[in-house]
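Residues take their numbers from the sequence shown, with the count starting at 1. Both counts, for ligands and for their atoms, begin at 1 and track the order of listing.
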Amino acid sequence: VSIPIKGRHVFITGGSSGIGLALAHKAISEGARVSLLARSLSKLEEAKKSLHLAYGVDVGIFAADVRDYDAVKRAIVEAGPIDVLVVNQGIFVPQELEKQDMDEVKLMIEVNLVGSFNVIKSALPLMKGRKDSRPASIALMSSQAGQVGIYGYSAYSASKFGLRGLAEALQQELISDDIHISVIYPPDTETPGLEEERKIRPKMTEMIAGSGSVLKAEEVAKKTLDGIKSGSFSISFRMEGQMLTIATAGASPQRSFLIAFFEVLFAGISRIVTLLFLSNVYRSITKSHAI
Ligand SMILES: NC(=O)C1=CN([C@@H]2O[C@H](COP(=O)(O)OP(=O)(O)OC[C@H]3O[C@@H](n4cnc5c(N)ncnc54)[C@H](OP(=O)(O)O)[C@@H]3O)[C@@H](O)[C@H]2O)C=CC1
Ligand SMILES: CCCCCCCCCCCCCCCC(=O)[C@@H](N)CO
């Protein structure tokens with residue numbers, strides 16, 4: 001499939017900052033009509049201003065908390081039928097579960113996972129009933145921490161793994177409506193969110209996450225939009241991200257015959273690489289515990 005962007009309505013949650021904002025830039029530069037949803041109206045207005053300055057076009061902005069179904073529904077109905085829905089809002093507060101407050105655990109699940117249900121469920125009727133007969137897309141922002149559980153991310157990883165289950169089931173429900181699901185698995189990405197996270201990351205989390213790449217939000221946005229356009233179910237970054245996606249291919253759909261071929265060819269070897277990676281992780285944990 002090929003999902004056109006030009007002239008279509010791209011709705012981005014968490015679009016006022018970081019990856020979401022970078023994606024707004026990219027989508028507008030490819031001729032989309034863009035709407036952004038986030039909580040803070042002032043951050044949304046700032047984003048709107050910066051986008052106007054860069055491209056001379058106006059984006060629709062909607063201040064709502066994804067945890068509030070009615071508010072999300074109102075915003076989406078007001079914005080009008082969506083062709084490409086990017087469910088990108090997310091928060092990350094790393095901490096060992098034993099030390100983490102249940103309030104923080106629930107917040108991550110509610111914003112990252114339940115919030116995504118609220119957004120998708122609100123958008124579905126209008127997306128399915130769209131006049132535009134061309135293929136549409138729903139993209140969910142997961143993380144490499146949604147492919148492998150990482151120390152300090154019990155709640156965050158659970159929320160991001162959850163998105164994958166949602167995505168796999170939803171693709172079966174929506175394929176007849178020509179709506180294509182993508183799940184995006186970025187590594188650490190330079191954003192205001194990551195800057196905040198780094199102040200409180202446990203050492204072990206930093207060490208493990210630090211073994212992957214650190215990308216610019218623009219790079220993540222570009223690959224994300226390219227992946228959406230080609231209807232890729234799984235979107236990953238750089239060599240290690242590609243390997244991780246092959247190692248965790250599981251029962252996710254694969255449209256590319258070439259990549260399917262690689263998945264089969266490298267299934268054994270990528271399991272070995274994964275076990276080596278994990279044995280390093282466990283060795284580091286044991287070592288640091290011994291000090
Ligand atoms: N940066 C990274 O290293 C990585 C990030 N990701 C994922 O990418 C996504 C974006 O991350 P990033 O750009 O770093 O994050 P930022 O913190 O920079 O931006 C988060 C965005 O989400 C919005 N948001 C947060 N909470 C809510 C809420 N309850 N309701 C509505 N909007 C909300 C924020 O606006 P406001 O606060 O005003 O609501 C903001 O627009 C997240 O899902 C994250 O998990 C995945 C892998 C790596
Ligand atoms: C075949 C096996 C090879 C495996 C190597 C891959 C390395 C895994 C590193 C995982 C890093 C997780 C970063 C999460 C980033 C994120 O979501 C946030 N910044 C928010 O917390």
So, 4.0 Å and heavy atoms of [X]: is ligand 1 close enough to count as a contact?
X    : result
A22  : no
V111 : yes
G115 : no
E197 : no
G146 : no
Y156 : yes
A64  : yes

| field | Neighbour count >12 (heavy atoms, 6.0 Å) for atom NZ, K73 | value | yes

| said: Is it the case that atom CD in E219 sees more than 12 heavy atoms from other parts of the structure closer than 6.0 Å? | reply: yes

Give yes if a backbone or side-chain nitrogen or oxygen of [X] is under 3.5 Å from a nitrogen or oxygen of ligand 1, and no if not.
X    : value
P186 : no
R39  : yes
L194 : no
S143 : no
A38  : no

Find all atoms of ligand 2 within a distance of less than 4.0 Å from any non-hydrogen atom belonging to [X], and give their numbers and elements.
X    : answer
Q144 : 8 (C), 9 (C), 10 (C), 11 (C), 12 (C)
R201 : 19 (N)
S143 : 14 (C), 15 (C), 16 (C), 17 (O)
L194 : 19 (N)

| query | Any idea which part of A217 is under 4.0 Å from ligand 1, heavy-atom wise: side chain, backbone, both or neither? | reply | neither

Can you confirm, on distance only, whether ligand 2 has an N/O atom lying under 3.5 Å from any N/O atom belonging to [X]?
X    : value
E240 : no
E197 : yes
S270 : no

Using a 4.0 Å heavy-atom cut-off, say whether [X] meets ligand 2 through its side chain, its backbone, both or neither.
X    : result
E190 : neither
I246 : neither
I150 : side chain

| request: Could you tell me the residue and atom name of the protein heavy atom closest to atom 19 (N) of ligand 2, and the distance to it rounded to 0.1 Å? | output: D188 OD1, 2.7 Å

| task | Keeping the roles fixed (side chain from N118, backbone from V66), state whether a donor-acceptor pair exists under 3.5 Å. | result | yes

| field | Exam field: side chain S157 to backbone A145, donor-acceptor pair closer than 3.5 Å | value | yes

I'd like to know if the side chain of [X] pairs up with that of [Y] as donor and acceptor (distance under 3.5 Å, no hydrogens or angles considered).
X    : Y    : answer
Y153 : Q95  : no
T189 : T191 : no
R255 : S232 : no

| message | Salt bridge check, R201 against E197: does any charged N sit closer than 4.0 Å to a carboxylate O? | response | yes

| request: Tell me, please: is R271 in heavy-atom contact with ligand 2, that is, under 4.0 Å? | output: no

| Evaluating non-hydrogen atoms only, which member of T274, I208, V93 is closest to atom 1 (C) of ligand 2? | T274

